[in-house]
Asker: 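Provided herewith is a single structure, encoded as structure tokens, for subsequent inquiry.
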Amino acid sequence: MTDLRCNSQRLWNAHTAMAVFGATPSGGVGRLALTDEDRQARDLFVTWAREAGCEIRIDGVGNIFARRAGTNPAAAPVMTGSHLDTQPLGGRFDGIFGVLAGLEAVRALNDADVHHEKPIDIVCWTDEEGSRFGDGCLGSSAFTGGRTLAETLAMTDADGLSVGSELQRIGYAGPEPVGGYAVDSFFEVHIEQGPILENAGLQIGAVEGAQAATVYEITITGEEGHAGTLPMTLRKDAMRGAAEMIHRVDDVAFEFEPYPVITVGHVRVRPNSRNTIPGQVVFTIDSRHPDTETLAAAGARMVAICEEVSNTQGLGLSINVKGHRDSVAFDTQCIQAVRDAANALGIPHMDIYSGAGHDAIYLARTCPAGMIFVPCEDGISHNEAENARPEDLAAGTDVLMHALLARAGRV
Ligand code: HGY
Ligand code: MN
Ligand code: MN
């Protein structure tokens, strides 16, 4: 069994230091993409990566690449990484663990004076959560051709601030081209964000694939009016329409077996005033299923419901598909590299499927990709109470390090 291991305490300390940026009073982290808190985390990562001997490159959408040189600089890099941004009320491990595990792997390789043929890049992908801009995985989507640079920079947040202007403001509008070059492979380590590993008493999941997802934005238009004077029968109340749509689209999940997951997590009301009948309501539907066709069928049902309700209540309706990705199967050799690394380390593992979205899903479009899951407490995530054990983070980092080394060719 191999004795090349990471430094668990150093890894844990790095998480503690990063959790300061955007720390919430309840012990979570709120670090939206391209905010000052995100800049602080980016700056600290760049400092640490440079101290570890990495060369730093930043591309046009703010993706950060920290390269540990290989003996063959011309070889396509083996990449690892995840995201620094979090949900508005997120946790201390979602995303950041995948970045710090890559950094710790490099630090441990430095300590052991281990070398490899292909370069190893640690990547921080911009706005994976999509809580501020777009529909998620903004940086990895641009890197893999999902959107052009211009399209990405033009995306705006709820206040009308664009990705481009915010990248300039925080100093991360990088000079490097976005993608367009060969990548040997990509490995991402992440907390599972579900209960399967913890319930199985296992530290490592070799991720086989991830489910399809479609995000809809539904805009309902009625007429503002006085809450006290307008009779109920004369109203064009956008909120009443939204309430019926939201209730009924939720029920669509149970028309399918296995059922899709359907979430209405974001609602905007105009004018959002207690005593004015809402003239417009905008809400999002996040829908996911392992089978792309089943997801499409559920989507058709939800669209039909929204159309029926808007017709019945005499409301305006527009439906915009904000984003879609098919289900993905990760590369069999990458999955095997994860299993082999866990076996070499004597760590029991299981194959697992991802309900959550990850940057690796987008990288899988253009290079062999794989993921490693570690358990998180009670499977809780996208919640300030998100928690993980130091020994599990270390196990995931060790498996990552050995998978990277196998792929990069130890010399
Ligand atoms: O939405 C997702 O699945 C990811 O956690 N951002
Ligand atoms: Mn994540
Ligand atoms: Mn997340």
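In listed order, ligands and their atoms are each counted from 1. Everything numeric in this text was worked out from a predicted model, so none of it was measured.
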Asker: Please name the atom of Asp94, restricted to N, O or S, that is closest to the Mn ion (ligand 2).
Answerer: OD1
Asker: Find, among atoms of Glu129 that are N, O or S, the one nearest to the Mn ion (ligand 3), and state its name.
Answerer: OE2
Asker: Check all N, O or S atoms of His382 and name the one closest to the Mn ion (ligand 3).
Answerer: NE2
Asker: Assess whether a salt bridge exists between Arg248 and Glu308, defined as any Lys/Arg side-chain N lying under 4.0 Å from an Asp/Glu carboxylate O.
Answerer: yes
Asker: Provide, line by line, the atom pairs where ligand 1 and the protein bring an N/O atom each to a distance under 3.5 Å; else say none.
Answerer:
from: ligand 1; atom 1: 1 (O); to: Arg288; atom 2: NH2; distance (Å): 2.8
from: ligand 1; atom 1: 3 (O); to: Arg288; atom 2: NH1; distance (Å): 2.6
from: ligand 1; atom 1: 3 (O); to: Arg288; atom 2: NH2; distance (Å): 3.3
from: ligand 1; atom 1: 3 (O); to: Gly357; atom 2: N; distance (Å): 2.6
from: ligand 1; atom 1: 5 (O); to: His382; atom 2: NE2; distance (Å): 3.2
from: ligand 1; atom 1: 6 (N); to: Glu128; atom 2: OE1; distance (Å): 3.1
from: ligand 1; atom 1: 6 (N); to: Glu128; atom 2: OE2; distance (Å): 3.1
from: ligand 1; atom 1: 6 (N); to: Glu129; atom 2: OE1; distance (Å): 2.9

Asker: Check each of Ile120, Val106, Asp121 against Cys54 using the side-chain contact (heavy atoms from CB on, under 4.5 Å) test, and report the only one that passes.
Answerer: Val106
Asker: So does Arg147 pair up with Asp135, basic N to acidic O under 4.0 Å?
Answerer: yes
Asker: Are Tyr362 and Phe186 near enough that their ring centres are under 6.0 Å apart?
Answerer: no
Asker: Would you say that Leu100 contacts Met18 through its side chain, given a criterion of any heavy-atom pair below 4.5 Å between the two side chains?
Answerer: yes
Asker: If you take the centroid of each ring, where Trp contributes its six-membered ring, are His15 and Phe93 closer together than 6.0 Å?
Answerer: yes
Asker: Verify the distance test for His190 against the Mn ion (ligand 2): any N/O/S atom under 2.8 Å, yes or no.
Answerer: yes
Asker: Does any non-hydrogen side-chain atom of Asp111 lie less than 4.5 Å from one of Arg10?
Answerer: yes
Asker: Any N/O/S atom, backbone or side chain, of His83 lying under 2.8 Å from the Mn ion (ligand 3)?
Answerer: no
Asker: What about the rings of Phe143 and Phe65, do their centers lie closer together than 6.0 Å?
Answerer: yes
